[in-house]
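Scope of the values below: all heavy atoms of this structure, side chains included, with no hydrogens, waters or symmetry mates. All figures in this text were calculated on a predicted structure; none of them were measured in a lab.
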Amino acid sequence: MYLLDSSNPRIYLLLVLLLFSPSLLVSSRNLHTKQHRQLDHGDGDDSLTYIWPLPWQYTFGNQTLTVDPNLSLVTSGNGGHSLIVSKAFDRYKKIIFKHTSSKLPSTGIDYDINKLSVIVHSENELLQLGVDESYTLMVAASDELSVIGGMTIEANSVYGALRGLETLSQLCAFDYGTKTVKLYNAPWYVQDKPRFIYRGLMLDTSRHYLPIEVIKQVIESMSYAKLNVLHWHIIDEESFPLEVPTYPNLWKGAYTKWERYTIDDASEIVNFAKMRGINVMAEVDVPGHARSWGAGYPDLWPSSSCKEPLDVSKNFTFDLISGLLSDLRKVFPFELFHLGGDEVHTDCWYSTPHVKQWLEDHKMTGKDAYQYFVLRAQEIAVSLNWTPVNWEETFNAFATSLDPRTVVHNWLGSGVCPKAVAKGFKCIFSNQGVWYLDHLDVPWDSVYYADPLEGISNASEQKLVLGGEVCMWGETADASNVQQTIWPRAAAAAERLWSNEESTYSRNTSVLPRLEYFRCLLTRRGVPAAPVTNFYARRPPTGPGSCYSQ
């Protein structure tokens, strides 16, 4: 849909000029035609468009414009004065004009673009699933026909404006010859929106602790690829690094007293992410993967020789889960909360006398008790106004008993999302064969051509697929290498989740050079992204050469 403000006829006039100027029509491209055009940032293929992820529709011209390093921001609309917008403008201004210097001559240069207009129609800054992230970006021509000097981003929400700023930043490039920032192939008209409402990255901070600054760096880099959910797998069997005020001994399960997150740390991460249009979905994996909980509260262990799953027979277990989730609800406003539920092995429940007796008294098998545990945890989460997310084992084992609001998180393999949506459940796609980033032998193209809608042809069922996420499990990744393990393969999934399927799914030769370009854009912005085509992810280059051909 168009996002143009009916109260602003000047924008309509600009659009008419953009769309109907004869010089533009000769070189216009629409993504539905699968024809692309480069931004002329370097010596790349002149048939490509180096915007990642690809916008849904765009037209362009053949002018090169210079951008004033003192670029000003002019905002309007009900949400135009949002701090989220102004802070984002400041961040992107530093990125775009990174190479400009006060020592360089600025007077005497007649810049083509000296202002950016941002129109945001809604003042609502609530960041939840399905928030409107669409935007329109217009860059005016530099001639007598231009009715608006500079550039305009129009969006229904502040988060759409953020996505528009990212695209704009990728249109700009520093010219080392003239020492000015240039915007190529103007005028531009970009109309864009995400394909899926959930575009996630899972980060595991239990197998290796990641400092707050590293998590922020990951979040910042996610915004460059227009990902919008950080799935924070905070806790697992190896460590419990998070402060829980109601049960203060829980973080005795941290590796050391220095490898912990306070509640204030968690709030800081959530707020940092929100400023970039990214939700944070926390995960507390129960009843398995929870051995570390007993370091602070040994009563959670069925016995000293049976330290997981958590003790299903004690009310204390569920009282603690209730207190834990109540504390976290004050920190994590996102409507989804991940309750895990994967890889639950109940054998030792049978060998623990009091648990075995409890099972017999309640006429339950281990599988019955597993179901009982998951459903009780779901009830607690739902009572706190969360929508529960569970790994696919819960669906595979007792689909008919799950809360109907459950979001099924696929990971074991293909075919789960089709089964889940056929039963009316929502689904998140994370097939480990293609979207587990710790699988270092999965190449970029396997990541890129995987699709969350595989095997789902019914339109109403397709709508139940929220999207997908790539998963960065931390057994072999810590602060020293997590970013180069994530990038650039996460970007391959990011374009699959954002861009028009018809424009990106054909197996042509255009994707690799575009991804290599984006990888170099990441490195220019300080993200230690690994080379694209290494046989194993995160390996350094094998020899000298350009960033764009590693």
Side-chain angles (χ1 to χ4, degrees), residues 36 38-39 41-54 95 98-99 166 169-170 173-174 176 199 201-204 208 210 214 217-227 432-450 469-499 504 507-550:
H36 311 301
Q38 78 150 19
L39 302 181
H41 286 184
D43 298 324
D45 184 338
D46 64 4
S47 68
L48 305 181
T49 297
Y50 293 101
I51 304 174
W52 196 281
L54 273 176
I95 290 172
K98 180 178 181 180
H99 292 290
E166 174 57 42
S169 74
Q170 294 186 30
F174 183 70
Y176 285 85
R199 308 179 306 281
L201 167 69
M202 193 217 74
L203 198 61
D204 173 10
H208 282 98
L210 296 176
V214 173
Q217 290 164 13
V218 171
I219 293 169
E220 192 81 66
S221 62
M222 288 173 65
S223 70
Y224 302 153
K226 297 186 173 74
L227 293 173
Q432 65 171 337
V434 286
W435 281 11
Y436 266 34
L437 299 175
D438 58 310
H439 293 193
L440 302 181
D441 58 347
V442 176
W444 72 269
D445 52 342
S446 294
V447 178
Y448 187 83
Y449 290 110
E469 72 177 34
V470 286
C471 297
M472 184 62 260
W473 295 104
E475 283 86 349
T476 65
D478 65 4
S480 70
N481 62 1
V482 67
Q483 284 276 60
Q484 54 263 48
T485 313
I486 292 171
W487 305 107
R489 290 182 303 161
E495 182 159 280
R496 174 64 50 232
L497 291 166
W498 178 278
S499 302
T504 58
R507 291 180 178 269
N508 54 52
T509 59
S510 69
V511 179
L512 178 56
R514 291 179 48 252
L515 182 56
E516 288 178 326
Y517 186 93
F518 184 72
R519 178 254 171 167
C520 296
L521 178 144
L522 290 174
T523 61
R524 289 199 304 272
R525 294 184 180 185
V527 180
V532 176
T533 57
N534 280 3
F535 181 73
Y536 284 104
R538 80 183 178 208
R539 281 191 175 177
T542 56
S546 166
C547 174
Y548 299 92
S549 59
Q550 292 288 353

> Starting from the C-alpha separation in whole Å, work towards a yes-or-no answer on side-chain contact (heavy atoms from CB on, under 4.5 Å) for Thr533 and Trp444.
CA-CA 7 Å; Thr533 57; Trp444 72 269; 4.2 Å; yes

> Got a second to check how far Glu220's CD is from Ile95's CD1, nearest 0.5 Å?
6.5 Å

> Between Ala494 and Ala225, which heavy-atom pair has the shortest distance, and what is it?
CB-O, 3.5 Å

> Sub-3.5 Å donor-acceptor pair from the side chain of Ser546 to the main-chain atoms of Tyr548, do we have one?
yes

> So Asn481 and Thr476, do their side chains get closer than 4.5 Å, heavy atoms only?
no

> What I'd like to find out is whether the side chain of Asp204 reaches to under 4.5 Å of the side chain of Met472, using heavy atoms alone.
no

> Going from SG on Cys471 to CG on Asp438, what distance comes out if it is rounded to the nearest 0.5 angstrom?
8.5 Å

> Where do Arg489 and His439 come nearest, in terms of heavy atoms and distance?
NH1-O, 3.0 Å

> Does NZ or CZ of Arg519 come closer than 6.0 Å to the centre of the six-membered ring of Tyr50, within 45° of the ring's axis?
no

> Does Lys226 reach the main-chain N or O of Arg199 with its side chain, forming a donor-acceptor pair under 3.5 Å?
no

> Quick one: closest heavy-atom pair of Ala492 and Tyr448, and the distance?
O-CD1, 3.5 Å

> Test side-chain contact (heavy atoms from CB on, under 4.5 Å) on Ile219 and Leu201; report intermediate values, then the result.
CA-CA 9 Å; Ile219 293 169; Leu201 167 69; over 6 Å; no

> With a 4.5 Å heavy-atom cut-off, do Tyr449 and Val511 have their side chains touching?
yes

> Heavy atoms only: give me the nearest Val218-Gln483 pair and the separation to one decimal.
CG2-OE1, 3.6 Å

> Of all heavy-atom pairs between Leu54 and Arg514, which one has the smallest distance, and what is that distance?
CG-NH2, 3.1 Å

> Nearest 0.5 Å please: distance from the CD1 atom of Ile486 over to the CG atom of Leu522.
11.0 Å

> For the pair Gln170 (side chain) and Trp52 (backbone), establish whether a donor and an acceptor sit closer than 3.5 Å, ignoring hydrogens and angles.
yes

> From Arg539 CZ over to Gln484 CD, what is the distance, rounded to the nearest 0.5 angstrom?
13.5 Å

> Calculate, to the nearest 0.5 Å, the distance between atoms CZ and SG belonging to Arg525 and Cys520 respectively.
12.5 Å

> Val482 and Leu203: side-chain contact (heavy atoms from CB on, under 4.5 Å), yes or no, with the steps?
CA-CA 9 Å; Val482 67; Leu203 198 61; 4.1 Å; yes

> Determine, step by step, whether Ser221 and Trp487 satisfy the side-chain hydrogen bond (donor to acceptor under 3.5 Å, both in side chains) criterion, reporting the C-alpha distance in whole Å, the side-chain angles of both residues, the deciding distance to 0.1 Å, and the verdict.
CA-CA 9 Å; Ser221 62; Trp487 305 107; 3.0 Å; yes

> Quick check: does any side chain N or O of His208 sit under 3.5 Å from a backbone N or O of Gly474, one acting as donor and the other as acceptor?
yes

> For Trp435 and Val447, which heavy atoms make the closest approach, and how far apart are they?
NE1-O, 2.9 Å

> Any non-hydrogen side-chain atom of Arg538 less than 4.5 Å from a side-chain atom of Pro528?
no

> Got a second to check how far Ser510's OG is from Leu515's CG, nearest 0.5 Å?
11.0 Å

> Given Lys98 and Phe174, is the side-chain contact (heavy atoms from CB on, under 4.5 Å) satisfied, shown in steps?
CA-CA 9 Å; Lys98 180 178 181 180; Phe174 183 70; over 6 Å; no

